Amino acid sequence: MGEFELIDRYFAQLGARRGDVALGVGDDAALLTVPPGHELVSCVDTLVAGHHFPLDQHPDDIGWRSLAVNLSDLAAMGAQPAWATLALTLPELDEEWLEGFAAGFAALANQHQVALVGGDTTRGPLTISVQAMGTVPAGTALRRSTARPGDLVYVTGWPGDAAAGLALLQGRLQGQGANRGALELKFRRPEPRVVFGTRLRGIASSCIDVSDGLAADLGRLVAASGVGAVIRAAELPLSRALYALAGESRAREFALGGGDDYELVYTVAPSARSALFALAASAGAPACHCIGEIVAGRGVRVLGERGELPVPPGWDHFRV
Ligand code: ADP
Ligand code: MG
């Protein structure tokens, strides 16, 4: 099988069929129609084997994750996902791997009506770059730079679970049974908060997704906004599985410092709280927890019962 047969077999028809794809895989570039009055929202993320996922991870999970991390970025902008491109660098032509990868990618793409519209395929150390594109009504995208003092800080879901799942896979945390399965699944198959992100438009005053750790990503949001945040450790949502396997204090460390959550951290002005309550009570909305507030100043402070707790650093590829 050559390069073009490979593309044809696994990637030419992947994901949703969309009327706004005037030209998809097969030409020199794709032609996409952005609806009138909307802005194009575009992001890209690269996964390098051994750095962003364990070398022995299932190809299905790698395919899923490579799209999930990008859909999470679109969700944090409040964008409706539509299209993706895929730059794939492969050490060898392994059909079983390709089949699994394409299946995992397609499962998430179909769930969110994303069409794969192009890409590039080369040989080299396993590296996957996915570009995701979506749309928002012009002027309505969520940003990380618009939080204001007095806004409340919320997080979706159960931060820390995915990091604990990775720790289980790597033997840094012990546990068996349903709790182990639940945490590992959070790492293997993150569910980006796509629908919820779009519904936060007009309600959240700012938003960021959690990829490098709750404290670190909230730190980026407050730095971009020129404000500070105070988080109450007691309000951090800890899943039952995480609490059971890690114990309270280590669970909190996972929740604050662990990465790979792909949850949303967002701020809401007091005047928008009732709109948020209505949204949170609607069908399909994820769990939402208020964990603190935005203050004048800078940085993220975490208050425990007996004073301030150390803030864990997030993942940084170039930290020395
Ligand atoms: P070109 O040489 O013009 O850049 P390529 O030979 O790289 O084109 O790719 C041929 C077509 O296949 C293009 O439409 C490209 O977008 C698509 N393509 C290549 N690799 C992938 C991939 N991994 N996934 C999806 N589409 C791909
Ligand atoms: Mg090319």
Side-chain angles (χ1 to χ4, degrees), residues 1-35 38-75 77 79-135 188-192 194 211 260 262:
M1 183 167 54
E3 178 189 336
F4 296 103
E5 213 185 322
L6 180 161
I7 295 165
D8 226 39
R9 181 169 311 173
Y10 297 106
F11 301 118
Q13 305 289 330
L14 197 153
R17 282 168 189 271
R18 298 180 59 99
D20 53 16
V21 179
L23 192 56
V25 170
D27 212 312
D28 289 312
L31 294 175
L32 309 168
T33 311
V34 176
H38 284 61
E39 287 169 311
L40 177 68
V41 185
S42 170
C43 60
V44 63
D45 249 318
T46 297
L47 303 187
V48 178
H51 294 266
H52 298 95
F53 56 87
L55 285 165
D56 59 357
Q57 196 173 10
H58 269 276
D60 303 58
D61 293 339
I62 300 168
W64 176 285
R65 162 173 294 266
S66 67
L67 181 60
V69 300
N70 283 286
L71 295 189
S72 181
D73 282 325
L74 291 185
M77 301 300 289
Q80 180 68 51
W83 315 293
T85 60
L86 166 64
L88 200 51
T89 305
L90 301 168
E92 61 191 340
L93 211 165
D94 177 341
E95 293 196 38
E96 201 182 313
W97 191 93
L98 278 164
E99 195 136 332
F101 177 87
F105 192 106
L108 187 61
N110 288 324
Q111 192 174 311
H112 295 290
Q113 283 80 54
V114 171
L116 184 65
V117 297
D120 195 27
T121 307
T122 52
R123 187 186 282 259
L126 180 58
T127 305
I128 302 140
S129 285
V130 173
Q131 179 194 23
M133 291 161 281
T135 60
R188 295 197 301 103
R189 296 272 170 150
E191 297 272 357
V194 170
S211 52
D260 296 314
Y262 302 105

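Because the structure is a prediction, the values reported are computed rather than measured. Ligands are counted one by one from 1 in listed order, and the atoms in each one are counted from 1 as well. All residue numbers refer to positions in the sequence shown, counting from 1.
- Of all non-hydrogen atoms in A102 and L14, the two that sit nearest each other are O-CD1, 3.8 Å.
- Between the side chain of N70 and the main chain of V130, a donor-acceptor pair closer than 3.5 Å is present.
- Nearest heavy-atom pair, A84 versus L67, reported as atom, atom and distance to 0.1 Å: CB-CD1, 4.2 Å.
- The distance criterion of under 3.5 Å between nitrogen or oxygen atoms is not met by G24 with respect to ligand 1.
- Which parts of ligand 1 touch D27 is read off a 4.0 Å heavy-atom cut-off, strictly below it: atoms 13 (C), 14 (O).
- Within ligand 1, counting atoms from 1 as listed, the ones closer than 4.0 Å to a heavy atom of L116 are 24 (N), 25 (C).
- Contact atoms of ligand 1 toward G118: 16 (O), 24 (N), 25 (C), 26 (N), 27 (C) (distance under 4.0 Å to a heavy atom of the residue).
- Ligand 1 has F4 within reach: a non-hydrogen atom of the residue lies less than 4.0 Å from it.
- Shown here is H58, whose NE2 atom has no more than 12 heavy atoms of other residues, nucleotides or ligands within 6.0 Å.
- Less than 4.0 angstrom separates some heavy atom of G26 from each of these atoms of ligand 1: 11 (C), 13 (C), 14 (O).
- If you check the side chains of Q113 and Q80, you find no donor sitting under 3.5 Å from an acceptor.
- Remark: ligand 1 and V117 share no N or O pair separated by less than 3.5 Å (distance only, no angle test).
- Looking at R123, its side chain does come within 3.5 Å of a backbone N or O of P91 through a donor-acceptor pair.
- Under 4.0 angstrom from ligand 1, the non-hydrogen atoms of V25 come from both its backbone and its side chain.
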